[in-house]
Participant: 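Pasting in a structure now, in structure tokens, and then I'll have a few things to ask.
Quantities reported herein were computed from a predicted structural model and do not represent experimental measurements.
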Amino acid sequence: MPIVNVQLLEGRTPEQKKAMVKEVTDAIVRTTGAKKEAISIVITDMKKEDYGINGDTLA
């Protein structure tokens with residue numbers, strides 16, 4: 001049972017997330033042979049102030 005965790009900076013629309021879930025699911029089915037109904041995808045939205053790079057946050 002593949003479980004995929006995706007962390008994104010907030011701001012994606014529900015439609016974008018739905019399209020991403022479909023594409024990621026299809027890729028896992030194609031590359032691993034897992035059954036579509038066995039795949040779970042968890043999306044976590046992050047605020048820009050909760051993500052840092054190069055010594056600073058993105059906020």
Participant: Looking at Asp45 and Arg12, is any side-chain nitrogen of the basic one under 4.0 Å from a carboxylate oxygen of the acidic one?
Facilitator: no
Participant: When clusters are formed by joining ILVMFWY residues with side-chain heavy atoms under 4.5 Å apart, either directly or through shared neighbours, do Leu58 and Leu8 land in the same one?
Facilitator: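 The answer is no; the residues belong to distinct hydrophobic clusters.
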Participant: Under a single-linkage definition using a 4.5 Å side-chain heavy-atom cutoff for Ile, Leu, Val, Met, Phe, Trp and Tyr, are Val6 and Met46 assigned to the same hydrophobic cluster?
Facilitator: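 No, because Val6 and Met46 fall into different hydrophobic clusters, even though each may have its own neighbours under 4.5 Å.
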Participant: Might you point out which heavy atoms bring Lys36 and Thr25 nearest each other, and give the distance in Å?
Facilitator: CG-CG2, 3.7 Å
Participant: Do the charged groups of Asp26 and Arg30 touch, with an N to O distance under 4.0 Å?
Facilitator: no
Participant: Which of these passes side-chain contact (heavy atoms from CB on, under 4.5 Å) with Ile39: Thr32, Val21, Val29, Val24?
Facilitator: Val29
Participant: Check whether any side-chain heavy atom of Tyr51 lies under 4.5 Å from a side-chain heavy atom of Thr57, and answer yes or no.
Facilitator: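 Contact flag for Tyr51/Thr57 side chains = no.
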Participant: Enter the distance from Asp50:CG to Lys48:NZ here, rounded to the nearest 0.5 Å.
Facilitator: 12.5 Å
Participant: How close do Ile43 and Lys17 get, heavy atom to heavy atom, and via which atoms?
Facilitator: CD1-CB, 3.9 Å
Participant: Transitive ILVMFWY cluster of Val42 at side-chain heavy atoms under 4.5 Å: who else is in it?
Facilitator: none
Participant: Taking atom CE of Met1 and atom NZ of Lys35, what is their separation to the nearest 0.5 Å?
Facilitator: 14.5 Å
Participant: When you measure from the side chain of Glu23 to the backbone N and O of Met20, does any donor-acceptor pair fall under 3.5 Å?
Facilitator: no
Participant: So Val4 and Ile28, side-chain contact (heavy atoms from CB on, under 4.5 Å) or not? Walk me through it.
Facilitator: CA-CA 9 Å; Val4 178; Ile28 293 170; 3.2 Å; yes
Participant: How close do Gln16 and Gly11 get, counting heavy atoms only, and between which atoms?
Facilitator: OE1-O, 4.3 Å
